[in-house]
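By convention in this document, chain letters (A, B, ...) are assigned in the order of the sequence lines, proteins followed by strands, and residues within each chain are numbered from 1.
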There are 2 protein chains.
Amino acid sequence: MMSILDEMGTANRQLIVMGYKITRQREATLRVLFENEAEHLSAEEIFMLVKKNNPDIGLATVYRTLDLLNELDIVEKINFGDGVARFDLRSKDHEHMHHHLLCSECGQVKEIKEDWLQEMEVRLEKEFGFKVSDHRLEFTGRYHKCANKSCKKVRKAV
Amino acid sequence: MMSILDEMGTANRQLIVMGYKITRQREATLRVLFENEAEHLSAEEIFMLVKKNNPDIGLATVYRTLDLLNELDIVEKINFGDGVARFDLRSKDHEHMHHHLLCSECGQVKEIKEDWLQEMEVRLEKEFGFKVSDHRLEFTGRYHKCANKSCKKVRKAV
DNA sequence: CTTACTGCAAAAAGTTTGCAACAGG
DNA sequence: CCTGTTGCAAACTTTTTGCAGTAAG
């Protein structure tokens, strides 16, 4: 179990190794990502959170940082189909466990942390000559508790 | 095994039942979708194909038609992360078999027509109180034949 | 006839880029 | 210092919208 500081240190080290610089803006963006690991934030949302402590940061910088982190596989860029890209930390413990439940009623996105697909990946390589490097599994549906209208929307449903 | 005309008839009937009108533009768009079932066309691509036989159609109309078809569950709107929405027919035979292989080398998107997830859906309902209405499974990786640079790109890789 | 549908052009929304100034190592 | 990085504004891309005219049923 790593602390946020440890995890940020690891990410920073990855940046340095690849010849990138640690800047105030990049650290602030990483911090927001680590502090909101459970969420699936959009660039805009990340931007606004970073702005709280760094009012002078530019939106373009956040986009450039997220691009960079995506390239380094520190975050994963996902699109749930609502027109904005969202960004998810890809710490070691999450690897290959990118399963999501999307509730069409309340818009909630829940992460499922189990790897159910190992077997299928073996099959794909054998049968299709396709070597899997990553996967993504998403279930759309609704929670029982949302079937009655009592649940509050957390996001525009997809 | 239904013919294209049969399948289009079914889609048309769905439109009528829901109180929508059958127009030249909607029929042309449906025809393009049925004639290119294997592809995952973007709105722009569909627009250009429709234009071949219907030069006066507007891009906005294609967007509006695709939205409508999506709402009626005649097509599925998917986003592979390359910045454009793509549209997939959702005929009965395909239901619950939306699995894709994305080759990061050549950009090809292949459909896998098997349902591997029944068991998981039962589990989600029991353990999470989540009733699945649809799912989506995507594998990113590369074909063995693409590992050497000999394969030609079919699309900007995601 | 009536109301839904269309084409066009303009607007919106999300993201990227060019550039001069700035700052990390 | 030197080169990567930043903020800003402008550009770009994809999608949506307003509106006056058109056509399906």
Can you confirm whether the side chains of A:E121 and A:H135 place a donor and an acceptor under 3.5 Å from each other?
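Note: A:E121 and A:H135 side chains meet the donor-acceptor criterion.
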Scan side-chain atoms only and decide if A:N12 and A:E27 contain a donor-acceptor pair under the 3.5 Å cut-off.
yes
OP1 or OP2 of [N] sitting under 4.0 Å from any side-chain N/O of [X]?
X: A:R26; N: D:dT5; answer: yes
X: B:Q25; N: D:dA24; answer: no
X: A:T61; N: D:dG7; answer: yes
X: A:Y63; N: C:dT15; answer: yes

Which donor-acceptor pairs under 3.5 Å do side chains of residues 53-68 of chain A form with protein atoms, sequence neighbours excluded?
| from | atom 1 | to | atom 2 | distance (Å) |
| --- | --- | --- | --- | --- |
| A:T65 | OG1 | A:T61 | O | 2.8 |

Quick one: on DNA chain D, does A:G58 or B:K21 contact a more 5' nucleotide (nearest heavy atom)?
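Upstream on the strand: A:G58.
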Could you pick out which residue, B:I22 or B:V84, lies toward the 5' side of DNA chain D when each is mapped onto its nearest nucleotide?
B:V84
Just checking A:G83: base, sugar-phosphate only, or nothing, at a heavy-atom cut-off of under 4.0 Å?
sugar-phosphate
Hey, does B:L59 reach any base, or is it just sugar-phosphate, or nothing, if we go heavy atoms under 4.0 Å?
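Touches a base.
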Output for pair (A:E125 CD, A:E127 CD), nearest 0.5 Å, gives 12.0 Å
Report yes or no: is there a donor-acceptor pair, N or O only, under 3.5 Å between the side chain of A:R64 and the base of D:dG4?
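Checked by distance alone, the answer is no.
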